[in-house]
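Just the heavy atoms: all of them, side chains too, but no hydrogens, waters or symmetry mates, feed the values below. Counting begins at 1 with the first residue of the sequence.
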Amino acid sequence: MTSKISVLGSTGSIGTQTLDVARMHNIKVTALTANHNINLLEQQAREFHPKMVAVLDLGAAAQLKIALSDTDIDVFCGEEGIIKAACETNCDTVVNAIVGVAGLLPTLSAIKAGKNIALANKETLVAGGSIVMKAVKKKGVKLYPVDSEHSAIFQCLQGCPENSLKKIILTASGGSFFGKKRSELSGVTVKEALNHPNWDMGAKITVDSATMMNKGLEVIEASWLFDCTDQDIDVLIHRESIIHSMIQLKDNAVIAQLGVPDMRIPIQYALTYPERLPSPTKELDLSEISQMTFYKPDYETFACLAICRKALRKGGLYPTVANAANEIAVDMFLKEKIKFLDIADIVAEAVESFHENQSEITLDDILNADKNTRIRVKEKF
């Protein structure tokens, strides 16, 4: 069980729920970071009294420094400040709850510094899985999944004999537009896309859930975490979000992890593994659920899922390209510059037009592919 944590992205949904767990189990918080929400960050800093805080936005960092001037908490800014929080504080585990590929460099820095990782930032493995997993192995640190689906798989695998896994079954809520056909989605609004049926998440992840890009990214993430291929991973729509994922073993037995849709369960397991401690999450009552439903995903309507699978099969930098194009497309959709269906079209075009691939990938290759993809997408609008 971890005793000291640094929380990257502490003011977001995962970050605030991580602090719920830390509060309940008296886990020391050594560092907190945010993009620009300094009001909440100040409240968190005063409660948990970390050694340092970092804010990505320079102007916001300057304001926070004034606000915390009556404390001995150090305030840092920019990407350098975030990386400092990831690798230089006296913590044993870094919780990476940053959204997007911006989480990659802090993850690598933390691994290099010998920190264990509780990873909620799926883009770290989508864009940089090959170098991240090599770094984890080289440094001998632990990487614990925080995504509910990957945590579920990790939990299901506990006690299973080595080489007994046949298949991973990732469950998906289906997002805001489950059951809709492509023709019905041409005019959907940002507000409608953000109306998730089960989970309270940030805007970017909620839109990714609506397009099912989120599940595509999770397929890629699962391939790195559990050393499997696209063919070893199934996706199943489960609207109730009670079964968080399943594994099928070679004897065709299926093991599932169930719980109410509350991220504090996987967060806590990542921080307290292998212990099972009391949780701030309410108890699951299956009699209240009464029934659970399962459906095959609609790969035609929700094309992002199919695009991610294709990127995974192609390997190399293709997942990096798909992720970068999606991040820009989602941002434009949230700003109402493009339509909902344009997101998948933009990601598909980026993957189809990319041809610069190689088997041995460096961090520079990943950063360049990410940067160039973003530039190409932005130039079209």
Side-chain angles (χ1 to χ4, degrees), residues 13 99-101 122-123 126 147-149 169-221 230 233-241 261 292-313 318-319 321-354 373-374 376-381:
S13 175
V99 176
V101 78
K122 60 179 61 67
E123 292 86 356
V126 170
D147 272 348
S148 61
E149 295 83 357
I169 305 168
L170 288 174
T171 55
S173 69
S176 309
F177 303 127
F178 170 74
K180 301 288 187 182
K181 294 299 180 183
R182 184 176 173 87
S183 59
E184 300 175 83
L185 297 177
S186 59
V188 299
T189 66
V190 171
K191 182 178 179 180
E192 289 171 329
L194 293 177
N195 185 28
H196 195 281
N198 300 329
W199 295 99
D200 180 15
M201 305 179 291
K204 194 268 183 183
I205 298 174
T206 306
V207 173
D208 281 349
S209 178
T211 64
M212 289 203 69
M213 181 73 182
N214 198 46
K215 203 55 49 179
L217 298 177
E218 288 174 4
V219 169
I220 299 172
E221 183 181 8
D230 169 65
I233 306 170
D234 282 350
V235 173
L236 196 61
I237 307 297
H238 170 51
R239 291 295 282 166
E240 296 78 15
S241 296
M292 292 186 284
T293 57
F294 305 93
Y295 308 89
K296 291 183 178 180
D298 181 350
Y299 282 92
E300 182 177 349
T301 301
F302 301 96
C304 284
L305 178 55
I307 297 166
C308 284
R309 283 190 173 277
K310 181 176 182 178
L312 175 58
R313 291 191 295 270
Y318 279 91
V321 170
N323 178 71
N326 179 68
E327 287 193 20
I328 296 301
V330 170
D331 182 64
M332 289 192 293
F333 171 69
L334 289 170
K335 293 175 180 175
E336 299 183 341
K337 294 181 178 180
I338 63 171
K339 295 182 178 180
F340 180 78
L341 291 177
D342 292 333
I343 297 173
D345 293 341
I346 288 169
V347 177
E349 195 279 332
V351 171
E352 289 297 328
S353 63
F354 182 73
T373 299
R374 291 168 188 269
R376 285 196 294 269
V377 171
K378 288 178 180 179
E379 285 176 346
K380 295 176 187 278
F381 296 91

Measuring only between side-chain heavy atoms, which start at C-beta, is [X] closer than 4.5 Å to [Y]?
{"X": "L334", "Y": "L194", "result": "yes"}
{"X": "F340", "Y": "T211", "result": "yes"}
{"X": "K339", "Y": "S186", "result": "no"}

| task | May I ask you to check whether K122 and N214 show a side-chain donor-acceptor distance below 3.5 Å? | result | yes

Between K180 and V188, does a side chain to side chain contact (heavy atoms under 4.5 Å, CB included) hold up when you go through it step by step?
-> CA-CA 11 Å; K180 301 288 187 182; V188 299; over 6 Å; no

What's the spacing between [X] [atom1] and [Y] [atom2] if we round to 0.5 Å?
{"X": "E352", "Y": "K310", "atom1": "CD", "atom2": "NZ", "value": "3.0 Å"}
{"X": "H238", "Y": "T293", "atom1": "NE2", "atom2": "OG1", "value": "7.0 Å"}
{"X": "Y318", "Y": "I220", "atom1": "OH", "atom2": "CD1", "value": "13.5 Å"}
{"X": "I205", "Y": "D147", "atom1": "CD1", "atom2": "CG", "value": "7.5 Å"}
{"X": "F381", "Y": "M332", "atom1": "CZ", "atom2": "CE", "value": "4.5 Å"}
{"X": "I237", "Y": "F302", "atom1": "CD1", "atom2": "CZ", "value": "8.0 Å"}

Only one of V330, N326, I338 passes side-chain contact (heavy atoms from CB on, under 4.5 Å) with I346, and that residue is I338

message: Salt bridge or not between E218 and K215? Use side-chain N to carboxylate O under 4.0 Å.
response: yes

Side-chain ion pair, E300 and R182, N-O less than 4.0 Å: no

Is it true that a side-chain atom of [X] and a backbone atom of [Y] form a donor plus acceptor pair closer than 3.5 Å?
{"X": "S176", "Y": "N195", "value": "yes"}
{"X": "R374", "Y": "I328", "value": "no"}
{"X": "R239", "Y": "M292", "value": "no"}
{"X": "E184", "Y": "K181", "value": "yes"}
{"X": "E149", "Y": "A172", "value": "no"}

Identify the heavy atoms of [X] and [Y] that sit nearest to each other, and give their distance.
{"X": "V347", "Y": "A322", "value": "CG1-O, 3.8 Å"}
{"X": "A350", "Y": "V321", "value": "O-CG1, 3.6 Å"}
{"X": "H196", "Y": "S173", "value": "NE2-OG, 3.0 Å"}
{"X": "F333", "Y": "A193", "value": "CE2-CB, 3.8 Å"}
{"X": "T373", "Y": "A325", "value": "CG2-N, 3.7 Å"}

* To do: Might you work through the side chain to side chain contact (heavy atoms under 4.5 Å, CB included) test for V235 and R309, ending with a clear yes or no?
  => CA-CA 11 Å; V235 173; R309 283 190 173 277; 3.6 Å; yes

Query raised in the report: Do E349 and D345 pass the side chain to side chain contact (heavy atoms under 4.5 Å, CB included) test, and can you show the C-alpha distance, the side-chain angles, and the key distance before you say yes or no?
Result: CA-CA 6 Å; E349 195 279 332; D345 293 341; over 6 Å; no

K204 meets the salt bridge (charged side-chain N to carboxylate O under 4.0 Å, His left out) criterion, sequence neighbours left out, with E123, D208

>> For M212 and Y299: C-alpha separation, side-chain torsions, deciding distance, then whether side chain to side chain contact (heavy atoms under 4.5 Å, CB included) applies.
In response: CA-CA 9 Å; M212 289 203 69; Y299 282 92; over 6 Å; no

